[in-house]
Amino acid sequence: MNYWLFKSEPDEFSIDDLKSSTTTPWEGVRNYQARNFMRDECKKGDLILFYHSSCKNIGVAGVATVSKEAFPDKAQFDENSPYYDPKSSEEKPRWFCCEVKFKSKFNKVVPLKDIKENAKLKDMHLVKKGSRLSIQPVKKDEFEEVLNMSRTI
DNA sequence: GCCAACGTTGGC
DNA sequence: GCCAACGTTGGC
């Protein structure tokens, strides 16, 4: 079992949107490192910290799970999609996504600020300077620590 | 809205 | 293969 952190801009897609949708293909990731994680390492049942970025209330908003492993992201073939990639083809897709499902929503968002201040979480990608990875692996201990924090705020 | 840090592109 | 220019991310 692996643990992850997925970033999402809540104005685009929030934890509530995730909750109200039955299945969600995680489309639109256009970064090779993030793609490789999704394509090669995200396994069914893996747990995901759902992170809200670029918003008023920045931090981890809840937990999701991988409900289906990698398949080609169909937005890359759709000329009308902002995620369209003319260099990709159905025969040789460039971008992949997996499907995620809502698991739980925290009573309060665990703020980025608190995560930064927690010594146990100092090695998370998230708090590293300049880290822009939208899909990042998280250690079991780190995952559990964030859950602990969600219970005490 | 600003801007630092990062990733990608493309000319050479 | 280098690297400048550009576009994007994302916290503040």
Side-chain angles (χ1 to χ4, degrees), chain A residues 2-21 24-42 46-66 70-100 102-139 141-143 145-150 152-153:
Chain A
N2 305 309
Y3 300 87
W4 305 97
L5 182 144
F6 280 29
K7 290 182 187 171
S8 185
E9 298 190 18
D11 294 343
E12 298 291 325
F13 193 82
S14 72
I15 187 86
D16 292 320
D17 296 325
L18 181 70
K19 188 176 182 179
S20 60
S21 109
T24 307
W26 206 251
E27 291 177 342
V29 171
R30 296 293 179 266
N31 167 283
Y32 289 104
Q33 211 181 340
R35 178 205 66 181
N36 292 347
F37 282 133
M38 269 204 297
R39 189 189 57 188
D40 307 332
E41 295 185 45
C42 286
D46 285 359
L47 293 173
I48 300 164
L49 296 173
F50 195 94
Y51 179 83
H52 282 177
S53 69
S54 298
C55 61
K56 194 151 176 272
N57 211 354
I58 299 166
V60 179
V63 177
T65 186
V66 175
F71 52 94
D73 174 339
K74 41 179 213 331
Q76 68 193 309
F77 309 127
D78 177 2
E79 286 186 47
N80 297 316
S81 166
Y83 302 123
Y84 177 61
D85 184 349
K87 291 178 184 164
S88 186
S89 67
E90 307 246 5
E91 300 74 43
K92 239 189 143 191
R94 175 182 290 200
W95 303 109
F96 288 79
C97 59
C98 55
E99 199 174 81
V100 301
F102 175 82
K103 193 127 178 124
S104 66
K105 180 185 173 181
F106 297 158
N107 291 331
K108 277 185 173 175
V109 168
V110 175
L112 175 61
K113 185 169 176 293
D114 291 6
I115 292 173
K116 281 184 171 167
E117 286 168 359
N118 187 331
K120 290 179 189 162
L121 303 178
K122 66 176 168 42
D123 292 328
M124 286 182 75
H125 282 265
L126 188 66
V127 301
K128 297 270 171 68
K129 189 177 167 189
S131 170
R132 290 165 35 173
L133 248 194
S134 62
I135 294 192
Q136 40 183 276
V138 169
K139 295 193 190 76
D141 291 352
E142 294 165 342
F143 182 89
E145 179 61 16
V146 173
L147 285 200
N148 286 337
M149 292 169 77
S150 77
T152 58
I153 54 169

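Each chain gets a letter, A, B and so on, in the order its sequence line appears, and its residues count up from 1. In this text, all values refer to a predicted model and were calculated from it rather than measured experimentally.
In this structure, Cys97(A) and Asp73(A) approach most closely via the heavy-atom pair SG-CA, 3.8 Å.
Under a 4.0 Å N-O distance rule, the pair Asp141(A)/Lys120(A) does not qualify as a salt bridge.
Put simply, the side chain of Gln136(A) gets close to the backbone of Leu126(A): a donor and an acceptor are under 3.5 Å apart. Checked by atom type and distance alone, the side chain of Gln76(A) pairs as donor or acceptor with a backbone atom of Trp95(A) at under 3.5 Å. Checking side-chain atoms of Ser131(A) against main-chain N and O of His125(A) turns up a donor-acceptor pair under 3.5 Å.
The aromatic rings of Trp26(A) and Phe13(A) sit perpendicular to each other, their planes meeting at more than 60°, with 30° as the lower class boundary.
Between Lys87(A) and Asn31(A), the residue anchored closer to the 5' end of DNA chain B is Asn31(A), taking for each the nucleotide with the nearest heavy atom.
Considering only heavy atoms from C-beta on, Asp46(A) stays 4.5 Å or farther from Glu41(A) through its side chain.
In 5' to 3' order, the nucleotides of DNA chain C bounding all contacts with chain A (an atom under 4.0 Å from a heavy atom) are dG7(C) to dC12(C).
For Tyr32(A) and Arg39(A), the side-chain atoms include no donor-acceptor pair closer than 3.5 Å.
For DNA chain C, the residues of residues 108-133 of chain A within the heavy-atom distance limit of 4.0 Å (strictly under) are Leu112(A), Lys116(A), Arg132(A), sorted by number.
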